[in-house]
Protein chains: 2
Amino acid sequence: MSRPRNAAATKAALLEAAAKLFGERGFDRTTVRDIASLAGVNQALLFRYFGSKDALFATVLATQSRELLEDSPAEHLLRNVLLRMMDEKPRPEDHPLHAVLRSSHHDSAAEVVRRQLGEEYARALSSLTDAEDAALRADLVLAWVVGIGVLRSVFGKQPLAEADPAKVAALVAQAASVLLERTDSG
Amino acid sequence: MSRPRNAAATKAALLEAAAKLFGERGFDRTTVRDIASLAGVNQALLFRYFGSKDALFATVLATQSRELLEDSPAEHLLRNVLLRMMDEKPRPEDHPLHAVLRSSHHDSAAEVVRRQLGEEYARALSSLTDAEDAALRADLVLAWVVGIGVLRSVFGKQPLAEADPAKVAALVAQAASVLLERTDSG
DNA sequence: GTCGGCTGTAAGCGAATGCTTACATGGGGG
DNA sequence: CCCCCATGTAAGCATTCGCTTACAGCCGAC
């Protein structure tokens with residue numbers, strides 16, 4: 001009945017359970033006992049395979065943020081990220097940003113935001129305009145996406161929480177284009 | 001040397017200390033011992049005067065959110081809230097949104113957001129346009145303000161974190177006007 | 001076969017947390 | 001004066017937390 005011994009499978013189960021719980025509850029409200037219980041393994045194995053709760057959290061963020069950027073051509077990044085943020089069909093808590101937003105005080109989370117969002121998202125966004133303050137404009141668009149995620153997923157603000165993702169994306173794209181338009185004068 | 005006994009002053013000191021620490025660290029990372037220590041009173045008094053840590057948190061949110069909306073004519077609400085969110089001169093952690101954002105899982109925090117932001121901010125914002133999806137557009141503008149606050153205060157994202165508030169407000173107002181404009185056709 | 005180490009388990013340790021209780025103390029009203 | 005209760009204090013309780021330790025079982029190497 002008991003599955004065969006398999007360290008890789010155990011690690012994967014812990015990682016998956018941690019991603020789900022960190023995303024749902026944030027770092028503080030998630031206990032190592034909860035993670036181990038959801039993964040169906042003994043909690044001591046969490047420390048054997050990941051060292052500490054902090055290290056496990058960092059591993060979750062690294063894994064998720066790696067997935068986030070691998071398939072977004074710059075031109076469609078805003079739309080892609082926004083639609084992905086809006087999409088709640090499969091499992092909304094799997095979105096990499098959720099764990100970050102719910103654990104914003106954590107060093108690893110803040111670092112991921114500054115590095116990933118800063119150096120990847122924002123650079124891609126800022127490439128869309130040639131305004132001299134392109135980086136600031138990109139940050140503002142990024143802030144919008146983050147804010148929508150916060151209001152939707154964290155607070156469940158209506159009507160935004162249940163609005164049609166395509167409609168939201170259209171409205172945001174329409175307004176954001178004011179900030180990201182090219183002057184083609186330089 | 002010791003100040004005279006004064007229940008009102010003690011309550012006020014606890015409230016102020018709690019507002020500061022909840023804003024800086026969020027609900028979970030703030031301990032009742034920290035609050036009492038910062039207020040310079042015995043921690044048992046926290047429970048005597050507020051009942052529980054949860055109730056103290058709710059009192060803090062109620063006090064702060066009451067202050068937030070008392071002087072914002074609808075037309076200038078976006079600009080006022082945004083500028084206040086951007087203003088870090090006095091004590092950024094005093095901004096009511098900070099405690100909420102850092103404690104988003106907490107029932108009281110989520111309730112405050114849904115009620116205050118939902119019924120006050122969003123209604124005021126939605127009154128600025130006559131589009132049929134006014135409420136959704138208002139939510140999107142609100143999300144923008146919240147996202148800017150998150151990126152700035154929580155994550156310290158550059159260049160947004162140190163950008164000129166007036167410039168940010170101008171850019172946001174420019175783009176948001178696309179969503180909030182009146183058609184004057186109905 | 002048996003030895004060694006990788007995998008999994010059970011129990012608990014020390015610290016921190018929210019909260020309570022039992023007790024000082026001080027100052028105003030009779 | 002002195003009594004009484006509002007105010008403040010010290011100590012600790014029960015629980016939960018991250019993490020550790022001591023041990024059992026399984027499997028391949030030789």
Side-chain angles (χ1 to χ4, degrees), chain A residues 1-61 99 102-109, chain B residues 1-61 99 102-109:
Chain A
M1 192 56 202
S2 64
R3 59 193 165 200
R5 296 184 165 202
N6 186 337
T10 298
K11 281 189 67 171
L14 281 168
L15 211 49
E16 185 183 0
K20 175 174 170 62
L21 293 180
F22 283 142
E24 286 177 355
R25 312 177 189 175
F27 182 82
D28 284 340
R29 304 284 250 218
T30 301
T31 73
V32 296
R33 286 170 173 81
D34 288 340
I35 295 171
S37 172
L38 180 60
V41 309
N42 190 284
Q43 60 146 337
L45 298 179
L46 186 155
F47 296 95
R48 192 201 297 282
Y49 292 129
F50 295 95
S52 70
K53 183 188 178 186
D54 267 48
L56 173 59
F57 184 66
T59 303
V60 168
L61 292 185
R102 291 190 180 276
S103 312
S104 53
H105 50 77
H106 195 283
D107 287 345
S108 297
Chain B
M1 192 56 205
S2 64
R3 59 194 165 200
R5 297 185 167 201
N6 186 337
T10 298
K11 281 188 68 170
L14 281 168
L15 212 50
E16 184 182 0
K20 175 174 170 60
L21 293 180
F22 283 143
E24 286 177 356
R25 312 177 189 175
F27 182 82
D28 285 338
R29 306 283 256 221
T30 302
T31 72
V32 295
R33 285 170 174 82
D34 288 340
I35 296 171
S37 172
L38 180 61
V41 310
N42 188 285
Q43 60 146 336
L45 298 178
L46 187 154
F47 296 95
R48 190 201 296 284
Y49 292 128
F50 295 95
S52 70
K53 183 188 178 186
D54 267 47
L56 173 58
F57 184 67
T59 303
V60 168
L61 292 184
R102 291 188 182 277
S103 312
S104 52
H105 52 77
H106 195 282
D107 286 346
S108 297

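The sequence lines fix the lettering, A, B, ..., with proteins before strands; numbering per chain opens at 1.
- Of the candidate nucleotides C/dA10, C/dG18, D/dG18, C/dG18 has the atom nearest to the side chain of B/Lys53.
- The shortest non-hydrogen separation linking B/Tyr49 to B/Ala7 is OH-CB, 3.4 Å.
- With hydrogens and angles ignored, a donor-acceptor pair closer than 3.5 Å exists between the side chain of B/Arg5 and the base of C/dT25.
- In this structure, B/Tyr49 reaches the sugar-phosphate backbone alone: every heavy-atom distance under 4.0 Å involves primed, P, OP1 or OP2 atoms, never a base.
- We find that CG of A/Leu56 is positioned 12 Å from C1' of D/dG18, with the value rounded to whole Å.
- Protein atom CG of B/Leu46 is 14 Å distant from nucleotide atom P of D/dT9, rounded to whole Å.
- In this structure, A/Asn42 atom CG and D/dC23 atom P are separated by 16 Å, rounded to whole Å.
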| field | B/Lys11 vs B/Leu45, side chain to side chain contact (heavy atoms under 4.5 Å, CB included): CA-CA, chis, key distance, verdict | value | CA-CA 8 Å; B/Lys11 281 188 68 170; B/Leu45 298 178; over 6 Å; no
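- For the pair A/Asp34 CG and D/dG18 C1', the interatomic distance rounds to 13 Å; values are reported in whole Å.
- Looking at which nucleotide of DNA chain D each of A/Phe47 and B/Ala7 is closest to, the 5′-most match is held by B/Ala7.
- The side chain of A/Ser52 places no N or O atom within less than 4.0 Å of a non-bridging phosphate oxygen (OP1 or OP2) of D/dG18.
- One atom, CG of B/Leu14, and another, P of D/dG8, lie 9 Å apart when rounded to the nearest Å.
- Here the nucleotide nearest the side chain of B/Ala44, chosen from C/dT21, C/dT17, D/dG18, is C/dT21.
- Spacing between atom CG of A/Asp54 and atom C1' of D/dC17 amounts to 13 Å, rounded to whole angstrom units.
- Two residues, B/Arg33 and B/Ala8, neighbour DNA chain D, and the one matched to the more 5' nucleotide by heavy-atom proximity is B/Ala8.
- Closest heavy-atom contact between A/Ala39 and A/Ala13: CB-O, 3.5 Å.
- For the pair B/Val32 and B/Gln43, the tightest heavy-atom approach, listed with the atom from each and the gap, is CG2-OE1, 3.6 Å.
- Listed here is the closest heavy atom pair of B/Leu14 and B/Ala36: CD2-CA, 4.1 Å.
- Computed from coordinates, the A/Phe57 CZ to D/dC19 P distance equals 14 Å when rounded to whole Å.
- Of the candidates D/dA10, D/dG12, C/dT17, D/dG12 carries the atom nearest the B/Gln43 side chain, counting heavy atoms from C-beta on.
- If you measure from atom CZ of A/Phe27 to atom P of D/dC17, you get 13 Å, rounded to the nearest angstrom.
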